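This report refers to the structure that appears directly beneath it.
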Amino acid sequence: MTAILILAAAFVIDLLIGDPRWIPHPVIGMGKAIKRLEAWIRRRFQPESLKKAGVLLPVLVAGGSFILTWLLLLLLGWIHPWLAWGAEAVLIATTIAVKGLKDAGLEVYRHLVQGDLPAARSGLGMIVGRETSHLDEPEVVRGTVETVAENIVDAVISPLLYALIGGAPLAMAYRAVNTLDSMVGYKNDKYIHLGWASARLDDIANWIPARLTALLLMLSALLLGLDYRSAFRMVRRDARKHPSPNSGFPESAVAGALGIRLGGTNVYHGVSSFRAYMGDAKRPMEARDIRLTNRLLYTVSVMFVVLSLLAIWGAGGTLWT
């Protein structure tokens, strides 16, 4: 029962308050640690040794996050079990971002409905890496839908899955891996060697959650009266066209469910990059597609939490022991 209550409480905490800026967030600490470790590695290792040194980043950051979280909960448990349970719920809540993801999409949606395209472009620019100042409304919608769909995996299902398996320590370790990938997991001259291990570990960590998310999106489309059959077909046809081994699964499922086409040309730092199309353009994209994607986000999240609680119940609440 304790594990059930902790996981449920973490989900409710995120739904109600999300990640308020006035509360220190663990990811900020992870980011600072990554920057310091990167600087230390670059001072201590020659350029030709950076590929081997790159293994140190996920070992130290993810491993350190797991150990520190475990020690904190152990210490609080010695003081009183309720302190540890409450802290674990809060810590797991910091690893998921259902409310934050929904709010980011809704901000863009509201600006589009109000006819304020420049504000919508600006809102999108806060959550994507591509240039947004030149985008028309359908492209703003595409960027928002793609971002929400992709992040259902690493902002919701992956951390919840690892929390289900190993509580807050493993969820926090996953968040560290994801943060590493976002900071050093680039295939450019600066990080091609130092960041390879972090990027590969993130791909591995999200492999199962991405495919599970696609399945849950199909079921959610069925519940919401969307095109679940097309979601299934698009995942089979298009998911592996994405440059990421994982992101194509949620994006193609959402594209199929909504009857729209995602992918196309994006501009990063002045350089155009074409991403394979996903889904069929059965109709033009419009602002309401953002709201529909948010409904899929919430349905998938609730469905996974309910299934997780049933799994814990079936295991007698002993998954974390």
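Values in this document were obtained by computation on a predicted structure and should not be read as measured data.
- Of the possible donor and acceptor atoms, none in the side chain of Asp227 sits under 3.5 Å from a partner among the backbone N and O of Gly259.
- At a threshold of 4.0 Å, the pair Arg130-Glu146 counts as salt-bridged, since one of the basic side-chain nitrogens sits closer than that to a carboxylate oxygen.
- Between atom CD1 of residue Ile4 and atom OG of residue Ser308 there is a gap of 11.0 Å, rounded to the nearest 0.5 Å.
- The residues Asp280 and Arg237 are annotated as salt-bridged, a charged nitrogen and a carboxylate oxygen being separated by less than 4.0 angstrom.
- Side-chain contact annotation: Asn178 with Arg175, donor-acceptor N/O pair under 3.5 Å present.
- Minimum interatomic distance between Ser272 and Val267 (heavy atoms only, all atoms of both residues): OG-CG2, 3.9 Å.
- Nearest heavy-atom pair, Val108 versus Leu124, reported as atom, atom and distance to 0.1 Å: CG2-N, 3.7 Å.
- Here the rule is salt bridge (Lys or Arg N to Asp or Glu O under 4.0 Å) with Glu38, and of Arg42, Lys35, Arg36 only Arg42 fits it.
- Using modelled atom types and a 3.5 Å distance limit, the side chains of Asn206 and Tyr174 yield a donor-acceptor pair.
- Within 6.0 Å of the CG atom in Leu310, the count of heavy atoms belonging to other residues, nucleotides or ligands exceeds 12.
- Ring geometry for Trp85 versus Trp82: interplanar angle of 30 to 60°, hence tilted.
- Counting only distance, with no hydrogens or angles, the side chain of Arg142 and the backbone of Arg261 share no donor-acceptor pair below 3.5 Å.
- The two residues Met172 and Pro26 make their nearest non-hydrogen contact at SD-CB, 3.9 Å.
- Put simply, the side chain of Asn188 gets close to the backbone of Lys190: a donor and an acceptor are under 3.5 Å apart.
- A salt bridge does not link Lys102 with Asp14: none of the charged nitrogens is closer than 4.0 Å to a carboxylate oxygen.
- Pairing each heavy atom of Leu76 with each of Ala87, the nearest pair is CD1-CB, 3.4 Å.
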